[in-house]
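Bear in mind the structure is a predicted one, so any value in this text is a computation, not a measurement. Each chain gets a letter, A, B and so on, in the order its sequence line appears, and its residues count up from 1.
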Amino acid sequence: MLRVLGIIAIVIGLVTALLLAYLSYIGFSTLAVSAYSVGIVPPAVHVTERGTIVAVAVSDTVYLRGRVEGYRYTVSVFTYNPTRLTVERAETYLLSKKDFDAYVRGMLVAFRAAVVSLDELRSTLRKTALDYSPMHSRWRMEYIAEELDMRRENEVIAVVVVEYNPTGMTIDLPNGTIVVTNPTILRTINLSLLPPIEVPVRVHVFARLDPSLDQYLRCLDLVVAGALLVASDLLSRMKLRARTRR
Amino acid sequence: MRRLLGLQASVRRIYAYTAYIHDRLAKGFAAASVVVSLAHSMAVVTGLPSFATDPSSALLPLLMMTSLIYYISIVYIAYSMAQELGEGPAALYLSHPLGRVEYLLSWFAAGLLTTSILYLASIVAPVLVMDPALVSSVDMAVLATLVFEGLVTGAFVFLVALLTRRRGATFFAGLVYILVVPLALSIVAAIVAAAVPRQTLVETLVKTVFMLLYPCKYYAIERPTNAMATSMPSALLSLVLLGSCLVYAKRKLEV
């Protein structure tokens, strides 16, 4: 049994060391946890000086219960545009839940009530964010944030600020007429009539393999321990055989 | 004092015979252990982040597959015992000062204790290498249900080996127990559940039998809140079966 335990230790030590080396060489990463939410932005959206309308969506909280040694955790935020509107500008802010609750949650309410301006909101988000990044337009109007380092945070929230060009947006007026918007019309109508905008936000926490020296040393320890077990078993066998011969 | 010395000698004989069984089956042990270790190392290195987030859900699918090798190893050891009993070498060993109960206990040690230790070591060692802090987060309830299922399987096949003394019958019974019976029970449970919307006596009975014979599979399907409590009856059943093996060996085993 000692010999078999030794063989197991050698196999596990070697396989783990080889896998660590190979997988880190090819840049292996795996999904640790993800969250998906669809923020329906209320109709009281802002109209900026450039004539764009702004939607702010907040993702669900992503809980990372445990971290593993030898993995670097990064966050990717994905959003896409299910409307026909053109996106003028989009940004993602990644915040710890603690900071979001302390500084941003209340500010978002004030922003929706038009008490706080978009610039003030952006400035607060930049100050409190772990990281922020503009989003680049990709296939099917998908926006992929650059990978963001999670640092030591275990609960994170993504805030996505998207500016849409309202040209072509249809509004049902109370008298039954349907108006197709443009920046000029937007300045004249009641903003509460604007239809809600869907902003789906998907947050993925990826773990990228980045083995530490300790891990390689532990693999080596296991191989050595296994070899010792096998050797001690063989030695005791040889001793027994010599004694029997005598 | 004399009794204590007798017990000591008995333990020494069991140890010596268990070592002999290990030597005989060393190649099989090594082959099975290497396969299981490879699978566990690969799964742990690639899946540890999700395993750390939700230990039971990430570990269970893998263990359900590798545990098959563990259970088949136990069946193979019972098969070897049946071969020994049926083809004569057992008579030679029992003519030495090795009692029948000692003989059987040696097989239990090789078939149940050794395989369980090797299997558990192959799960814990990769986690230990990757992140020692995570060893405490390994779901012990899952491992316990696995071992209990192995114990029930082992107790059943050893009893078959002892009663029939035919290696073919032992291996066949073991494979039926591992592969066919759980499938058949699941089909019966599904048919009953589809036929009668509310829980019937038959469904409860099927579930109870499943829980008793396959605590790990029951845990994977039903996810009871207290896995240890639901697998305790299986542990008791395996003890009863192993005890009846010993009683049978002491009273009726003729070689």
Closer than 4.0 angstrom, basic N to acidic O: yes or no for B/E102 and B/R12? no
Charged N to carboxylate O below 4.0 Å: is that the case for B/E149 and B/K217? yes
Within 6.0 angstrom of A/M107 CE, more than 12 heavy atoms from elsewhere: yes
Taking side chain as everything from C-beta outward and backbone as N, CA, C, O, which of these in A/L31 sits under 4.5 Å from a heavy atom of chain B? Side chain, backbone, both or neither. backbone
Check each atom of A/I12 against the heavy atoms of chain B and say whether the ones under 4.5 Å are side chain, backbone, both or neither. both
Is A/I8 close to chain B through its backbone or its side chain, or both, or neither, when contacts mean heavy atoms under 4.5 Å? both
Aromatic rings B/F29 and B/H22: how do their planes relate, parallel, tilted or perpendicular, breaks at 30° and 60°? perpendicular
Which region of B/T18, side chain (C-beta onward) or backbone (N, CA, C, O), has a non-hydrogen atom less than 4.5 Å from a non-hydrogen atom of chain A, or is it both or neither? neither
Heavy-atom cut-off 4.5 Å, strictly under: side chain, backbone, both or neither for B/L25 against chain A? neither
May I ask you to name which of B/V129, B/V45, B/V44 has the most heavy-atom pairs under 4.5 Å with chain A? B/V129
Quick test of your reading of the model: are B/R167 and B/E84 salt-bridged, counting only N-O distances below 4.0 Å? no
